[in-house]
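Keep in mind that the numbers below use all heavy atoms, side chains included, and drop hydrogens, waters and symmetry copies.
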Amino acid sequence: MFDENLIERIESEEPLPREFYAKNVVIVSQNLLGKILVRVDNEKILAGRIVEVEAYDGEDDPASHAYKGMTERNKVMWDFPGKVYVYTIYGIHYCLNIVAEPKGVPAAVLIRALQPLVGIREMMKNRNIKDVRNLTNGPARLTKALNITKDLNGVDATLKSELYVVRDILGKKFEIGVSTRIGITRGKEKPWRFYIRNNPFTSKKEVR
DNA sequence: CTGTCGATCTACT
DNA sequence: GTAGATCGACAGG
């Protein structure tokens, strides 16, 4: 089966190395498009292709959690690049980020949408829905589908453990779309949302 | 299809 | 005390 083959291929991959993340957060965001997010949830593999991201910088970015300095919640943003930052939003959802820039420079990439690849049945169970198109097309939807909670905050995505990222094994060409970020009240003007164009799994329909 | 609104609670003021 | 990197239900066209 298509799915089986993909699991083997994904499992044979090594996670992207630390250097991948130790760059400018906007560059890292764009580079993450097309990469495969892998979740190992008690022996089960859940995976999806990253199709939409947003960059959140540190001190200069009023929309960033790091804008007002380090707190208990956001401290992982100052940690090694490649670390996972998960936080609770609106009391009921989780959002997944991956830390970028060298250690000590706060920044993170919000993963906003995935194209489901492996473990789709399991994801649908986690979300309790039937329509694949709405499975992982939103930051809090994908965390629920992949069973990502605050327990994973601080996990190192450069290690092959319960959450990591591998290279783009599909290798399909794509165009990158750009827009302003969604759902924020400050820093609205920065064009730091990036997505794979003509992909049905982004969180928002493309405006032509 | 679009827009509006309530849910729900943690982290920070 | 309250805003918030969202979602789902529902109303209306």
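Figure legend: A/R197 and A/F174 shown without cation-pi pairing, the cationic atom not lying both under 6.0 angstrom from the six-membered ring centre and within 45 degrees of its axis. Cation-pi contact between A/R181 and A/Y56: present, with separation from the ring centre below 6.0 Å and deviation from the ring axis of at most 45°.
Residues from residues 123-134 of chain A with heavy atoms under 4.0 angstrom of DNA chain B: there are none. Scanning residues 79-88 of chain A for heavy-atom distances under 4.0 Å to DNA chain C yields A/Y87.
Within the 3.5 Å criterion, the main-chain N or O of A/G82 finds no donor-acceptor partner in the side chain of A/T158. Side-chain N or O atoms of A/N74 include one that pairs as donor or acceptor with a backbone N or O of A/H65 at under 3.5 Å. A side-chain donor-acceptor contact under 3.5 Å links A/R9 to the backbone of A/I169. In terms of modelled atom types and a separation under 3.5 Å, the side chain of A/R39 and the main chain of A/A47 share no donor-acceptor contact.
Stem analysis of DNA chain C (at least three stacked-register Watson-Crick or G-U pairs, each with both distances under 3.5 Å) gives B:1-7 with C:6-12, B:9-12 with C:1-4.
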Counting primed atoms, P, OP1 and OP2 as sugar-phosphate and everything else as base, the B/S/- map of nucleotides 4-9 of chain B against protein heavy atoms under 4.0 Å is ---BBB

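Between A/I111 and the options A/T143, A/L142, A/L146, a side chain to side chain contact (heavy atoms under 4.5 Å, CB included) holds for only A/L142.
Between the side chains of A/N137 and A/R141, at least one donor-acceptor pair of N or O atoms lies under 3.5 Å. Donor-acceptor pairing under 3.5 Å is lacking for the side chains of A/N126 and A/N147. In the model, A/E52 has a side-chain atom that pairs as donor or acceptor with a side-chain atom of A/S203 under 3.5 Å.
Close approach of DNA chain C to chain A, defined as any atom under 4.0 Å from a non-hydrogen atom of the protein, starts and stops at C/dG4 to C/dG8.
Residue A/K188 is classed as having no contact, given no heavy-atom separation below 4.0 Å to the nucleic acid. The residue A/R181 sits apart from the nucleic acid: no heavy atom pair falls under 4.0 Å. Backbone-only contact: A/A140 has heavy atoms under 4.0 Å from sugar-phosphate atoms and none from a base. Among the atoms of the strands shown, only primed sugar atoms or phosphate atoms (P, OP1, OP2) are found under 4.0 Å from some heavy atom of A/I89.
Partners of A/D57 by side chain to side chain contact (heavy atoms under 4.5 Å, CB included), not counting sequence neighbours, listed by chain and number: A/V25, A/D60, A/D61, A/E101, A/A107, A/W192.
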Can you list the steps and then say if A/Q115 with A/N199 is a side chain to side chain donor-acceptor pair (under 3.5 Å)? CA-CA 8 Å; A/Q115 174 179 349; A/N199 186 288; 3.2 Å; yes

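The same ILVMFWY cluster, assembled from side-chain heavy atoms under 4.5 Å apart, contains both A/V51 and A/I98.
Looking at A/N31 and A/F20, their side chains come closer than 4.5 Å, going by heavy atoms from C-beta outward.
The environment of A/K144 atom NZ is sparse: at most 12 non-hydrogen atoms of other residues, nucleotides or ligands sit within 6.0 angstrom.
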